[in-house]
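See below for the structure under consideration.
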Amino acid sequence: FYSSFMVAGAKGVEVVSRSASLSQDAPYSVWSSDGIGSYTIDSSSSAPSLPQSRGTAITIHLSDETADYADAGKVEAIIKKYSNFVTFPIHLDGERVNTVDAVWARDPGSEKIEDETYDAFYKYVANAYDEPMYRLHYRADAPVDIRALFFVPTYHTEKYGMGHMEPGVSLYSRKVLIEAKSPDILPEWMRFVKGVVDSEDLPLSVSRERAQDSALIQKLRTALTKRFTSFLAKMARKDPEKYKTEFFPEFGQFLKEGVCRDYPSQDALSKLLYFDSSKCENGETTSFEEYVGRCTPDQKEIYYLVAPNREAALNSPYFEIFLKADREVFFVYTAMDDFVMTNLGMFQSRKLVSAEKGEIDLPDDSEKDAAAEAEEKDVDPAAARLTDVQTGELCAWLETEALPDRLAAAKVTHRLSMHPAIVVGHESGAMRRMMLLVNQRTGGEGTSGKLPKQTLEVNPSHPIVVGLHALRERDEDLAVLCAQQLLDNAIIEAGLMDEGGRDMLPRLNEILMRLTAKKDSDI
């Protein structure tokens with residue numbers, strides 16, 4: 001009502017009214033005001049602005065600056081934006097303007113609503129051409145009055161490089177638009193959802209076109225988020241194939257974003273995530289709940305490994321110990337997945353542990369494995385590995401003489417059999433690259449990307465490590481070069497090597513030159 005004075009000129013606003021209970025000869029009541037602070041009420045025997053003998057007519061005398069509001073096209077656009085779904089008909093120049101049915105206001109539990117009706121409404125509110133993948137239509141009276149209709153599209157536009165999507169759900173009260181594409185009623189990770197929310201409990205502000213009760217909005221937001229996540233869980237149970245092959249590949253990134261940013265929803269969202277795993281067939285994925293269901297009762301951790309792809313994960317030195325112990329490991333391939341695991345931390349009282357962590361407590365059969373491998377090669381088991389004293393000497397030499405500027409510590413490990421060494425306790429390569437990119441974009445510190453000192457764990461049974469111990473006695477300069485390469489190889493395996501390892505080329509050439517220059521009897 002007050003908005004009429006914002007566009008009115010000096011003549012202001014005039015309201016003519018006559019009750020249907022009065023006779024045809026009764027005078028009309030005429031209320032008028034210029035909006036400055038006073039008004040008048042008069043009587044009139046005629047009312048040209050009122051086409052019938054009863055009812056109310058409101059006349060706004062527009063100012064010169066707002067004369068365009070008399071344009072029929074503009075008036076129609078305003079009606080369709082804010083009042084397109086009101087129950088009573090709105091006519092403009094003799095034709096009804098609000099012709100779209102407020103589908104969300106209908107009761108899905110008591111009346112049949114055709115799929116075609118839903119699809120047409122989705123295309124209208126989302127300005128879309130595709131068919132929705134999922135839809136959620138529900139009503140609730142507690143904790144707040146809610147009439148909601150949500151749609152999940154078949155695709156989203158962020159993957160095409162079209163920028164961050166705007167929210168897709170508009171807020172109504174009693175079918176009147178309060179806020180189009182409201183950023184307040186749903187968490188940001190749900191921006192891929194399209195649809196409508198209507199609540200009669202919302203108090204309206206006539207000056208700002210939005211709900212003012214922030215506590216009520218928070219209740220609404222919480223209720224809608226819980227309902228949507230439970231709906232997705234239901235869809236995953238009802239048709240897991242569709243969820244895993246259609247929905248999750250397209251919209252999984254939004255759920256992962258929610259895990260990292262929407263803490264109240266973290267537990268519910270974590271149950272909706274799917275990852276590759278060492279127990280999956282190639283191309284399959286599994287959930288946290290399925291992983292836990294396969295765990296032995298004594299396993300208190302959930303393990304994950306960051307790798308570029310499945311093949312790299314299966315061949316990773318960090319996976320060796322889990323393969324020997326028959327422990328399942330999630331394989332994650334992106335910085336986002338790594339970030340999810342770090343933020344989640346726990347699932348159903350089980351700690352999420354990176355396979356690249358230094359201390360992995362699994363059954364240790366390394367002595368048996370080394371003996372079996374030595375027997376296969378017809379080698380004395382004692383000669384096939386370094387003693388504890390020799391390993392201590394080698395680690396001390398690596399720390400203090402060969403790699404003092406690059407190593408924080410050198411230790412022995414029994415988790416390896418096929419690989420000579422690994423670096424442990426570091427941030428993953430994917431996470432490191434993501435943080436480096438963020439720093440570069442924001443101009444923060446650490447943009448050089450220089451690696452901190454590493455912790456190197458060496459396998460005392462591996463021929464390279466055994467040979468390196470012997471080489472440092474014969475040719476320490478060459479042993480230092482080999483130690484540098486051993487560390488770089490471990491860094492590459494961890495995904496931490498930047499610039500494609502070009503810094504290694506001079507060293508590799510030096511090693512090759514030294515080896516090719518030696519006589520056969522010296523090698």
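We're numbering straight along the sequence, starting at 1. Since this is a predicted model, take the numbers as computed values, not measurements.
Using a 4.0 Å cut-off between a side-chain N of Lys or Arg and a carboxylate O of Asp or Glu, Lys256 and Asp337 qualify as a salt bridge. Taking the charged nitrogens against the carboxylate oxygens, Arg147 and Glu200 have no contact shorter than 4.0 Å, which rules out a salt bridge. Between Glu166 and Lys181 there is a salt bridge, since a side-chain N of the basic residue sits under 4.0 Å from a carboxylate O of the acidic one. Salt bridge Asp262/Arg221: absent, no basic N to carboxylate O contact under 4.0 Å.
Ring-centre distance between Phe319 and Phe331: below the 6.0 Å cut-off.
In terms of heavy-atom proximity, Ala355 sits nearest to Phe322 at CB-CE1, 3.5 Å. In terms of heavy-atom proximity, Ile178 sits nearest to Ser173 at CG1-N, 3.6 Å. Closest approach of Ala70 and Leu62 over heavy atoms only: N-CD1, 3.6 Å.
Checking Val332, Leu352, Leu273, Thr334 one by one against Val340, the side chain to side chain contact (heavy atoms under 4.5 Å, CB included) holds for a single residue, Leu273.
Classification of the Trp189-Phe228 ring pair by plane angle, with boundaries at 30° and 60°, yields tilted. The aromatic rings of Phe151 and Phe121 sit tilted, their planes meeting at an angle between 30° and 60°.
The structure places CG of Asp267 at 11.5 Å from CE of Met346, a figure rounded to the nearest 0.5 Å. With rounding to the nearest 0.5 angstrom, the CD1 atom of Ile302 is 6.0 Å from the SG atom of Cys295. Between atom CD1 of residue Ile78 and atom CG of residue Asn84 there is a gap of 13.0 Å, rounded to the nearest 0.5 Å. Here the CE atom belonging to Met341 is positioned 8.0 Å from the CG atom belonging to Leu344, to the nearest 0.5 angstrom. From Met133, atom CE reaches atom CD of Glu246 across 5.5 Å, with rounding to the nearest 0.5 Å. In this structure, Asp141 CG and Ile146 CD1 are separated by 9.5 Å, a value rounded to the nearest 0.5 Å.
The neighbour count for Asp71 CG, taken as heavy atoms of other residues, nucleotides or ligands under 6.0 Å away, is above 12. In this structure, Met165 places its CE atom where more than 12 heavy-atom neighbours from other residues, nucleotides or ligands lie under 6.0 Å away. Residue-environment remark: OH (Tyr124) exceeds the threshold of 12 foreign heavy atoms within 6.0 Å. In this structure, Tyr138 places its OH atom where more than 12 heavy-atom neighbours from other residues, nucleotides or ligands lie under 6.0 Å away. Atom NZ of Lys219 has 12 or fewer neighbouring heavy atoms from other residues, nucleotides or ligands inside a 6.0 Å radius.
Counting only distance, with no hydrogens or angles, the side chain of Ser17 and the backbone of Thr56 share no donor-acceptor pair below 3.5 Å. Side chain of Glu14 to backbone of Gly12: no donor-acceptor contact under 3.5 angstrom is found. With hydrogens and angles ignored, the 3.5 Å screen pairs a side-chain donor or acceptor of Ser33 with a backbone N or O of Ser38. In this structure, Ser287 contributes its side chain and Glu290 its backbone to a donor-acceptor pair below 3.5 Å. Side-chain atoms of Asp201 come within 3.5 Å of backbone atoms of Asp145 as a donor-acceptor pair (strictly under, hydrogens ignored).
Partners of Asp107 under the side chain to side chain donor-acceptor pair (under 3.5 Å) rule, at least two apart in sequence or in another chain, are Ser110. For Tyr39, the ring pair (Phe, Tyr, Trp, His ring centres under 6.0 Å) partners two or more places apart in sequence, or in a different chain, are Trp31. The ring pair (Phe, Tyr, Trp, His ring centres under 6.0 Å) search around Phe275 returns Phe288, Phe330, not counting sequence neighbours. The side chain to side chain donor-acceptor pair (under 3.5 Å) search around Lys74 returns Asp68, not counting sequence neighbours. In this structure Asp42 satisfies the side chain to side chain contact (heavy atoms under 4.5 Å, CB included) test together with Thr40, sequence neighbours excluded. Listed by chain and residue number, Tyr291 satisfy the side chain to side chain donor-acceptor pair (under 3.5 Å) test with Gln299 (two or more places apart in sequence, or in another chain). Applying the side chain to side chain donor-acceptor pair (under 3.5 Å) test to Glu328 and every residue at least two apart in sequence or in another chain returns Ser277, Arg294. Residues satisfying the ring pair (Phe, Tyr, Trp, His ring centres under 6.0 Å) test with Phe254, not counting sequence neighbours, are His156, Phe192. In this structure, the side chain to side chain contact (heavy atoms under 4.5 Å, CB included) partners of Lys175, at least two apart in sequence or on a different chain, are Phe85, Thr87, Ala102, Trp104, Ala105, Asp198.
Taking 4.5 Å as the limit, every side-chain heavy atom of Tyr318 sits out of range of all side-chain heavy atoms of Val306. Side-chain contact between Glu158 and His164 is present, with at least one heavy-atom pair separated by less than 4.5 Å. The closest side-chain heavy-atom distance from Tyr274 to Tyr243 is below 4.5 Å.
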(request) With side chain to side chain contact (heavy atoms under 4.5 Å, CB included) as the test, would you mind laying out the steps for Val13 and Thr59 before giving the verdict? (result) CA-CA 6 Å; Val13 178; Thr59 303; over 6 Å; no

(request) Take Glu257 and Arg191 through the test salt bridge (Lys or Arg N to Asp or Glu O under 4.0 Å) and record every step on the way to the result. (result) CA-CA 11 Å; Glu257 180 183 327; Arg191 61 188 178 276; 2.9 Å; yes

(message) As a quick check of understanding, evaluate side chain to side chain contact (heavy atoms under 4.5 Å, CB included) for Val424 and Lys357, giving each step before the final call.
(response) CA-CA 5 Å; Val424 297; Lys357 183 184 173 186; over 6 Å; no

(request) Please test Asn343 against Tyr263 for side chain to side chain contact (heavy atoms under 4.5 Å, CB included), starting from the C-alpha separation and ending with a verdict. (result) CA-CA 9 Å; Asn343 275 268; Tyr263 185 76; over 6 Å; no

(request) Quick one: do Tyr333 and Asp276 satisfy side chain to side chain donor-acceptor pair (under 3.5 Å)? Show the steps, please. (result) CA-CA 9 Å; Tyr333 306 128; Asp276 192 4; 2.5 Å; yes

(request) Give the intermediate values and the outcome of side chain to side chain contact (heavy atoms under 4.5 Å, CB included) for residues Met336 and Gln253. (result) CA-CA 8 Å; Met336 171 63 84; Gln253 70 179 68; 5.6 Å; no

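Listed by first and then second residue, the salt bridge (Lys or Arg N to Asp or Glu O under 4.0 Å) pairs involving residues 76-101 are Glu76-Lys80, Asp101-Arg106 (not counting sequence neighbours). Every pair passing side chain to side chain donor-acceptor pair (under 3.5 Å) that includes a residue from residues 222-242 is listed here, sequence neighbours excluded: Gln218-Thr222.
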Would you tabulate the side-chain donor-acceptor contacts of residues 113-120 under 3.5 Å, counting partners in other chains and residues two or more places apart, or write 'none'?
{"from": "Asp115", "atom 1": "OD1", "to": "Arg135", "atom 2": "NH1", "distance (Å)": "3.4"}
{"from": "Asp115", "atom 1": "OD1", "to": "Arg135", "atom 2": "NH2", "distance (Å)": "2.7"}
{"from": "Tyr118", "atom 1": "OH", "to": "His137", "atom 2": "ND1", "distance (Å)": "2.7"}

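Judged by distance alone, the side chains of Thr154 and Asp130 do bring a donor and an acceptor atom under 3.5 Å apart.
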